[in-house]
Asker: 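Have a look at the structure that comes next, please.
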There are 2 protein chains.
Amino acid sequence: MSIVQRRTTIKDVAEAAGVGVATVSRVLSGGSASPETRERVLAAAARLDYRPSALGRNLRQQRTGGIGLLVPDITDSFYARLTDGVLSCARSYGEPVTIGVTGDDPEREAELIGTLIEQSMDRVIAVPSGDGEMWAPALRAGLNVVFADRKVRADVPGVVADDRAGVGIAVEYLAGLGHRKIAFLARYGQSQRVAAFTDTLTSLGVPVDPELVVHARASRDSAYATAAGLLQSRPDLTAVLTGGNILGEAMVLAARELGVRIPRDVSLIMFDDVPWAELCSPPLTVIAQPAQDVGYRAAELVLRQGRRPRTVTLPTELIVRASCGPRR
Amino acid sequence: MSIVQRRTTIKDVAEAAGVGVATVSRVLSGGSASPETRERVLAAAARLDYRPSALGRNLRQQRTGGIGLLVPDITDSFYARLTDGVLSCARSYGEPVTIGVTGDDPEREAELIGTLIEQSMDRVIAVPSGDGEMWAPALRAGLNVVFADRKVRADVPGVVADDRAGVGIAVEYLAGLGHRKIAFLARYGQSQRVAAFTDTLTSLGVPVDPELVVHARASRDSAYATAAGLLQSRPDLTAVLTGGNILGEAMVLAARELGVRIPRDVSLIMFDDVPWAELCSPPLTVIAQPAQDVGYRAAELVLRQGRRPRTVTLPTELIVRASCGPRR
DNA sequence: GATGCTCATGGAAACGATTCCATCATGGTT
DNA sequence: AACCATGATGGAATCGTTTCCATGAGCATC
């Protein structure tokens, strides 16, 4: 019962078919061979249930098939959906995906890059933390990298959601409801979204109050603390925009805890549409991002070689539910 | 700039240190060597930034390090947290994790097992779909498998939550509130939980109505359709237990759509505690499962070899919020 | 001084695939 | 009949590592 049988190798198939190993390899990888030989080899391979070893092939070809995927946090619905998109595309190419979570920590990210290089992974999709400087050696080593969700280096192709447009529409919507004191609860590293936020405010003639832009670290705890701190220190604000679903969750929780009613006391718009946004009380108005598509397109980009660095921007959409009201 | 430098190999290090490759290998993997040689080799390796190729090693050693992980759906918060647990444990061992989603489809699962075998993965954690028969060849091939969340084969060690106890406490709680017509909205394959459900009912002297146990497929669509169908066909029910968070989400949505008020019209308990359960209106009473721990323990089990098949059962907990009330 | 033991060391085989290259048969052309 | 082009085929090299085994040096013992 615990007798482990040796793996069937190409040599076994060659022997069974009465041909050389080179011929087997050619037949199986679509090279030229006479019809009868082809048939004999195929029959032998099927009979022995032969599966070529990816190890042998990869070593010879000097490249590991497969994709490395680095995300900050797999329990965050956004990255889970992004991952799902990557997996979905990779599956259609038959490529395995190796995943790592960085926790938004550049040091851990560098460590994971090292592991990927050891595995001879030559294709990586990453949501980079920090400024992406630790990618320089990997790029020099010929690694094929695509960034997802965040664009931090010009020399690496990327797939991002159009957060500039999303933030713009959301802020205009809030301003249209009469709000002037609008806060932005951001995660560190969301400079793009913050910039879009202040730009839109100034273009609408609303003065920018730097104290209304606050930053949290990636964890739920930090998000909650920052949200609560914002609500307490600035009771005059009337609307909040959060830079992600974890931050939105924290804001709803903090508001409830502090007796701040949504949308009566403050209006809330959350970046990223998640299934529970509709179940929330009140249902949350959100900026939807095509998380799955971001992952899928990134995988396409990294699998289809030979493109030069380019950035793909995917559309965002404001979905109005019930978490925003007129200025009180 | 686009000059790709060749990978530094053990041969380069050997040359730089003026020793043979065998010595380098020995030094780097902790074998015996004279102190001065050791130092020379270490210095050369550091200077050249040498990283041993996992490919070469794995081929020689006939085993791929790393863990394969097969889950039904990575966007399901439960499996995302389970995955996080696996990754967390694997990281402390420095092992990469290759992930695949089965969509709860045995065929796709079999396909993914094939991919893992091609990669010479010898350690796999899986949430099996179906009865796990497709694992037989893999087990014969010496694959080291651990099942998580579901136990379907006696010859494979597993880590599961104590759903029997969880369902028991939940049903007792509902019965204590006076409910007699309690429905169970399950996913196909949750026979364990269904059995616990009916067992508990009979032990409480509540007659079991087979029509009140309904099954949905794994998708959100199927979950919603089944939930809505249940509410419409059985307006006499007063409480519902759902077998997972996707099903709970669907039930809340369907109830809202059909004007069924929770907990006024029907009480609801959901299996699995998720962050949004607290944000929901009303906040949901749930059976919490240690999803992360399930993954972590499974990874421990698969990484620490040499244990004989055994099942680890982790505790569940009823968390009372506001989705249950007395029988109307 | 010869023998035996320990220890460091390096050459070479092995892992399983792909691929270069030489060989050989076949068939068509001169 | 001699020659060349074409195509199928298999042997052998190769990828980077680990590990077996032989070699040789150093040292102690008889």
Side-chain angles (χ1 to χ4, degrees), chain A residues 4-42 44-45 48-66 94 115 117-122 141-142, chain B residues 4-42 44-45 48-66 115-122 141-142:
Chain A
V4 175
Q5 48 197 3
R6 200 179 54 80
R7 188 191 178 100
T8 326
T9 73
I10 198 172
K11 217 169 164 183
D12 302 323
V13 178
E15 207 166 317
V19 299
V21 290
T23 305
V24 176
S25 174
R26 261 189 305 257
V27 168
L28 262 37
S29 51
S32 70
S34 76
E36 54 177 321
T37 309
R38 170 177 303 273
E39 197 174 342
R40 271 221 314 286
V41 170
L42 256 33
L48 298 179
D49 189 30
Y50 168 67
R51 286 168 187 286
S53 154
L55 246 44
R57 172 182 351 197
N58 292 339
L59 178 57
R60 170 61 220 240
Q61 299 191 337
Q62 291 288 73
R63 55 176 209 87
T64 294
T115 310
I117 292 182
E118 266 182 29
Q119 306 292 322
S120 306
M121 288 260 160
D122 55 353
Chain B
V4 175
Q5 48 197 4
R6 200 178 53 80
R7 188 191 177 100
T8 39
T9 74
I10 198 173
K11 219 169 162 183
D12 302 324
V13 179
E15 206 166 319
V19 299
V21 290
T23 306
V24 176
S25 174
R26 260 188 307 257
V27 168
L28 262 37
S29 50
S32 71
S34 75
E36 54 176 321
T37 310
R38 170 177 303 272
E39 197 174 345
R40 269 222 314 287
V41 170
L42 256 33
L48 298 179
D49 189 30
Y50 168 67
R51 287 169 186 286
S53 154
L55 246 44
R57 169 180 355 194
N58 293 339
L59 177 59
R60 170 63 220 238
Q61 299 192 149
Q62 291 287 72
R63 55 177 207 87
T64 294
T115 309
L116 292 178
I117 293 183
E118 267 183 28
Q119 307 291 324
S120 304
M121 288 259 161
D122 54 354

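Just so it is clear: chains get the letters A, B, ... in the order the sequence lines come, proteins before strands, and each one is counted from 1.
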Asker: Rounded to the nearest 0.5 Å, how far apart are CG of Leu116(B) and CG of Asp122(B)?
Answerer: 10.5 Å
Asker: According to a strict under-4.0 Å criterion, is Thr37(A) in side-chain N/O contact with OP1 or OP2 of dT9(D)?
Answerer: yes
Asker: What is the minimum heavy-atom distance between Arg38(B) and Ala33(B), and which atoms define it?
Answerer: NH2-N, 4.0 Å
Asker: Just list the side-chain donor-acceptor pairs under 3.5 Å for residues 10-21 of chain B, sequence neighbours left out, or say none.
Answerer:
residue  : atom : partner : partner atom : Å
Asp12(B) : OD1  : Arg6(B) : NH2          : 3.3
Asp12(B) : OD2  : Arg6(B) : NH2          : 3.3
Asp12(B) : OD2  : Thr9(B) : N            : 2.8

Asker: Please list, pair by pair, any protein nitrogen or oxygen found under 3.5 Å from a nitrogen or oxygen in nucleotides 25-28 of chain C.
Answerer:
none

Asker: Taking only residues two or more places apart in sequence, or in another chain, which ones meet Thr37(A) in a side chain to side chain donor-acceptor pair (under 3.5 Å)?
Answerer: Ser34(A)
Asker: In whole Å, I'd like the distance from the CD atom of Glu118(B) to the C1' atom of dG16(C).
Answerer: 13 Å
Asker: From CG of Asp122(B) over to C1' of dC15(C), roughly how many Å is that when rounded to an integer?
Answerer: 15 Å
Asker: Sugar-phosphate means primed atoms, P, OP1 and OP2; the rest is base. With that split, encode nucleotides 16-24 of chain D 5' to 3' as B, S or - using protein heavy atoms under 4.0 Å.
Answerer: BBBB-----
Asker: Below 4.0 angstrom from OP1 or OP2 of dA8(C), is there any side-chain N or O of Ser32(B)?
Answerer: yes
Asker: Once you build an axis from the first five pairs and another from the last five of the helix from dG1(C)-dC30(D) to dT30(C)-dA1(D), how far apart in angle are they, to 10 degrees?
Answerer: 70°
Asker: To the nearest 0.5 Å, how far apart are CD in Glu118(A) and OG1 in Thr64(A)?
Answerer: 11.5 Å
Asker: Closer than 4.0 Å, any side-chain N/O of Ser34(A) to the OP1 or OP2 of dG7(D)?
Answerer: no
Asker: Between C1' on dG16(C) and CG on Asp12(A), what's the gap in Å once rounded to a whole number?
Answerer: 11 Å
Asker: Can you check the Arg38(B) CZ to dC7(C) P distance for me, whole Å?
Answerer: 15 Å
Asker: Counting only heavy atoms not in Gln61(B), do more than 12 sit closer than 6.0 Å to its CD atom?
Answerer: yes
Asker: Round to a whole Å and report the spacing from CD of Glu39(A) to C1' of dT9(D).
Answerer: 18 Å
Asker: I need the Met121(B) CE to Arg63(B) CZ distance, nearest 0.5 Å.
Answerer: 11.5 Å
Asker: Quick one: side chains of residues 50-60 of chain B, donor-acceptor pairs under 3.5 Å with protein atoms, not counting sequence neighbours, listed by atom name and distance.
Answerer:
residue  : atom : partner  : partner atom : Å
Ser53(B) : OG   : Leu55(B) : N            : 3.1
Ser53(B) : OG   : Gly56(B) : N            : 3.2
Asn58(B) : ND2  : Ala54(B) : O            : 3.0

Asker: For Val41(B) versus Leu28(B), what's the shortest heavy-atom pair and its separation?
Answerer: CG1-CD1, 4.1 Å
